[in-house]
Amino acid sequence: MVMTALTSADVRHLEQSLRRMRAELATELARLAESLDEVRVTRDEAQDDEHDPEGPALTMEWSRLSGVQHDFAEKLARIDRALQRVDDGTYGVCLRQGEPIGRERLEARPATEFCIDCALELEAEQRR
């Protein structure tokens, strides 16, 4: 299927979505940092967090929050790369084939770097 390039109105609309997503993620990252600080202080003060009958061990909570923080940071980096592509005029173009990415795909995943065909190929390669 042949994809057509995005119009400037499409790019503006998707850029707004990216900026909104970025602001939300930045807020969530700040909240996670606060939660991690609270867990660290509590863990440092705890005598025996591995045997706390009140809930999961603080180290487990630390690990969970750290994982979420890492995932959010990766999403934020993808959004920043997409915004850079908006700035340099290459947004909406597959980084692998150089062809336009479908508008529907960009609506669903505004920070995507690849068309659906390339994304599926890369995913299959990663599973091998």
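Starting from 1, each residue takes its place in the sequence as its number.
- Smallest separation of non-hydrogen atoms from Leu76 and Leu29: CD2-CD1, 3.6 Å.
- Between the Asp10 side chain and the Thr7 main chain, a donor and an acceptor come within less than 3.5 Å of each other.
- Atom CD of Glu123 is separated from atom CZ of Arg127 by 4.5 Å, given to the nearest 0.5 angstrom.
- Taken from CG in Leu65 to CG in Leu36, the straight-line distance is 5.0 Å, to the nearest 0.5 Å.
- Here the CE atom belonging to Met21 is positioned 9.5 Å from the CG atom belonging to Leu83, to the nearest 0.5 angstrom.
- Of the inter-residue distances, the one linking Arg109 atom CZ with Ile101 atom CD1 reads 11.5 Å to the nearest 0.5 angstrom.
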What side-chain donor-acceptor pairs closer than 3.5 Å can you find for residues 113-122, not counting sequence neighbours?
| residue | atom | partner | partner atom | Å |
| --- | --- | --- | --- | --- |
| Glu113 | OE2 | Arg81 | NE | 2.7 |
| Glu113 | OE2 | Arg81 | NH2 | 3.4 |
| Glu121 | OE1 | Arg96 | NH1 | 3.1 |

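- Using a 4.5 Å cut-off on side-chain heavy atoms (C-beta onward), Glu99 and Val93 make no contact.
- Ion pairing of Glu15 with Arg19 is present here, as a side-chain N (NZ or NE/NH1/NH2) and a carboxylate O approach within less than 4.0 Å.
- Among all heavy-atom pairs drawn from Ala82 and Pro110, the shortest one is CB-O, 4.2 Å.
- Rounding to the nearest 0.5 Å gives a distance of 11.5 Å between CD of Gln69 and CD of Glu74.
- Residues passing the side-chain contact (heavy atoms from CB on, under 4.5 Å) test with Glu28 are Arg31, Phe72, sequence neighbours excluded.
- Interatomic distance, CD1 of Ile79 versus CD of Gln84, reported as 14.5 Å (0.5 Å rounding).
- Looking at Arg20 and Ser17, their side chains come closer than 4.5 Å, going by heavy atoms from C-beta outward.
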